[in-house]
Structures are given as C-alpha cells and as structure tokens.
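Within every chain, numbering begins at 1; the chains are lettered A, B, ... in the order of the sequence lines, protein sequences first and strands thereafter.
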Number of protein chains: 2
Amino acid sequence: MNDKFYALSEEKQNAIINAGFKVFAGNSYKKSPVNEIALEAGISKSLLFFYFKNKKELYLFLLKKCEEVTKQMLLESGAYKGNDIFEIMYRGLLAKASMIKRYPDMGNFSIKAYYEKDPEVANDVRKIIAPYTNMETNKILPPMDSSQFKEGLDLNMMYRDMYLASEGYLWQMQQTGIIDVDRMVADYKKIIEFWKSIYLK
Amino acid sequence: MNDKFYALSEEKQNAIINAGFKVFAGNSYKKSPVNEIALEAGISKSLLFFYFKNKKELYLFLLKKCEEVTKQMLLESGAYKGNDIFEIMYRGLLAKASMIKRYPDMGNFSIKAYYEKDPEVANDVRKIIAPYTNMETNKILPPMDSSQFKEGLDLNMMYRDMYLASEGYLWQMQQTGIIDVDRMVADYKKIIEFWKSIYLK
DNA sequence: TAGTTATTAACCGGAACGGTCAACAGGAGG
DNA sequence: CCTCCTGTTGACCGTTCCGGTTAATAACTA
C-alpha cells in the first residue's frame, strides 16, 4: 500500500475507510466493487488504486484497521476497571457507542469478514482474526464485592441478563441506522438505574 | 409464477426458499445471482426460471413468504395470551426459535429487503412491507396483574429489560450459525426463572 | 413404443469488474 | 511564460458474470 494514504487528512482517510466498511459490509468480498467504494468515498477508482495496489490489499487493510480499533475500544472500556460493575458496563457501552459513531459499518463488516469464504482472502482473514477471537471478552463475570447486592442473588445470572440486554439494545439501535450517542447514553443510564434499584441492597 | 412449484414436495420447496433467503440475505438484490440460488437449492438455474418467470418474481415471492411466516409466528406466539408475562415471553421466544430453525436466513433477508434501494424492486418492497410495519409488536407492555410483583417495581422498565435481553440472546444465538432449539429453550427457561426470582414477590 | 413431463447444458447479448495508463489540472519555482 | 512535480481522473481493455432463452436430454407414464 502507498504511504501517501497516511498523508491525507483524517477526514479523507475516514471517508475512504468508512466507504470500504460500508460496501464490504453490504456484499461479499467478490461482489464488492472497488468503484462503488471510491464513489462512496468521493474519489475516483483510479485514485483508490493509487493508494491500495489492489482490491485484496484494501480489504485486508480494512480488516486490520477493524482489529486495531476494536482492540483500542476494549482497552478504553476496561481502562477504569474497578469493582463497580454498573460503572464498568456503562463505560463499555459508551466505548462501543462512540466506536459505532465513528465507524458505523465496522461491526457489520467484521461479521461479514468472519464468514468470508472467498479463497482469495479467506486464509488471510483467518490469520488476522485468529488472535482476536481468543481475546478477553466481557462475557465473563468481573470480580466484585458481593456484599452490596441483595441476599441470594445469582450474580452470574444478573451479569448475563445485563450483558444480553446491552447487546440487544445495541443491536436495536444499529437497526435504526441513525446512531444518536446522546440518546443512547440517556437510555442506558435509565436502564442502569433500574438495574441498581433491583439488584442492590 | 408457475403453479408447478406448489406441486413440489415440501422439502424441495423449502430448499428453494431457504436458498433464496440465504443468497438474498447475503447480497443486495442486484448482486444476488439466480444461479447461486439454484446451486444452493440443488437444482439448475433453468429449472428455477421455470418455476419463477424472472428474478424479480422470485424475490417478491420470497418477501411475501417472509411476511406470511412472520405473521403466522406472531399469531402463534400470542395465541395463548394470558396475564402471565413470563409465559408470554417464553412462548414468544419459542415461536421465534422454531421459525429461525425452519428458515435460518429469513430474518437477515427481511432486514436486507427493508433497506433495499434497487429501483427494480424498491417500490414493490415498500408496498409489501408497509402493512407489516404498523403491526402490533411486542415492544408494548401487555396488560398484567401488578399485585404479584415486588413493591415499587417499574413494570415498564422490567418489560423493557426482558425484551432487550431476549433480543440480545436471539442475536447472539444467530451469530453462532447453528440454531439449537433445545439448548435455546433450556437457556431461556433459566433466564426466566431468574427473572421470576427477582421480580415476583 | 410413443407421448408427456421434468430437468438441464449450452448459449447469447450485454453489463460489470479489476486493473492500467495516458492525460489533465494546478501549484511551485525559475 | 515555461517546466517540473504531484494529485487526480476519464477512458480503455480483457475477462468474467448474469439474466434469460431454447433446444436437447432424461425420466416417467400409458
């Protein structure tokens, strides 16, 4: 890939990246025309081929970008790990929300890439995705002080319920197409308040 | 469309329908080759064009099928409407799960169709989808006897949390690719037991 | 065997695609 | 004004793909 790409303004870079995410998220690798990505990004196909020597390189670049951003997000969301489970969940959603705002189609792109079967890229996709599959997810109950919760509460089930509801909420939000981070934060705060009212002593 | 299609065995019909759902769910209308659908269904392209006179007809047939199945499902899941909210939710998930099992890609197909912009089909899609958008969804709290729940419980928030968690669970299940209805039922029963333990008096 | 039906392989014209390249625009410096 | 350099593009090419047709074959029936 051409280093000149990094000399572009951040907006221009993001425009290209998001165009790539969008088109590759909407179609399989083979059915995603480079021209469509260029048009979406507001540049010509030739220029895109100037920055990335071919379609495969562009695709794998996007996949790496995706991994990098996700890793960064997980880091951020866990940065203030404490023993307040509600705070942790709140920060987790916040990080995800801002990620969705900056790269709206990245999530769908990564899902598509995960299931990509085209022999031209499949192997490289596995190679890039492999380490990131084993990564620490937040499906596992973080350590916490159980004394503050109501007696007899099944903490694992509580966490599972909250995790599932968060996923469901994010999914529901993404279905609408418009990501309104402010509204998401407000909604989620209310949900967390509800959880506190039923789970805490 | 050719009535001979209905003379086919149910398995053959479903094979064709599911092949259509799968391919159209994975790509936009224009980028979904009829040949790929035929291959996936285990028949030749010519035969598919024998049953459906062109691509558009096949697509709209699938969309109607989708609407019909969804309507049926909503009917089933609400058939035993009582005042037991947990029972209602359980039946709801059960209906959705069995629908996913029979038509694994139907959900993604309907989402794709909803956002389809190709002028060749967009108008007809709106026409078919329109009545079904206004349909009664289960996002609204059903009437229930509040005396059995814990004092001061916000029933709307409770229902919202349960609904979101159910969506999140279904989404998570569908991501795995393998729909194991038995496991889903078992999982969901445990989740509902948990809800009962925290919400009921 | 003859006739009817189910199913397909081969084909066609046109469109789309990845990738290349000569050309063009515009600014910098002489 | 000319010249060089850089960023950018339209036009082009060989190939593949796609929707749809049709003539031919397979399978079944009587």
Quiz item: Whole Å only: how far is the NZ atom of A:K30 from the C1' atom of D:dT15?
Solution: 12 Å

Self-check item: Between P of C:dA22 and CZ of A:F49, the distance in whole Å
Solution: 17 Å

Practice problem: Let me know the distance between CG of A:N35 and C1' of C:dG18, rounded to the nearest Å. | Solution: 10 Å

Quiz item: In whole Å, what is the span from the CG atom of B:L48 to the C1' atom of D:dT21?
Solution: 15 Å

Quiz item: Can a donor-acceptor pair be found between the side chains of B:D187 and B:Y169 at a distance below 3.5 Å?
Solution: yes

Practice problem: Ignoring backbone atoms, establish whether A:Y51 has a side-chain N or O less than 4.0 Å from OP1 or OP2 of D:dG7. | Solution: no

Exercise. Considering only NZ, NE, NH1 and NH2 on the basic side and carboxylate oxygens on the acidic side, decide whether A:E40 and A:K22 come within less than 4.0 Å.
Key: yes

Quiz prompt | Test: A:E67 and A:K71 ion pair at under 4.0 Å | solution = yes

Self-check item: Atom-to-atom span, NZ of B:K53 to P of D:dG20 - whole angstrom
Solution: 10 Å

Exercise. Compute the ring centroids of A:Y59 and A:F109, then answer whether they are less than 6.0 Å apart.
Key: yes

Exercise. Using whole Å, report how far NZ of A:K55 lies from P of C:dG18.
Key: 4 Å

Quiz prompt | Rounded distance in Å - NZ (A:K56) to P (C:dC17) | solution = 21 Å

Quiz prompt | Per B:S46 side chain, nearest of listed nucleotides D:dG10, C:dA10, D:dG19 | solution = C:dA10

Exercise. Specify the separation, in whole Å, of atom CG of A:L8 and atom P of D:dT8.
Key: 7 Å

Quiz item: Are B:S44 and C:dT8 close enough that a side-chain N or O sits under 4.0 Å from OP1 or OP2?
Solution: yes

Exercise. Identify, between B:K4 and B:K31, the residue whose nearest nucleotide on DNA chain C lies closer to the 5' end.
Key: B:K4

Quiz item: Does a nitrogen or oxygen in the side chain of A:K45 sit under 4.0 Å from OP1 or OP2 of C:dG19?
Solution: no

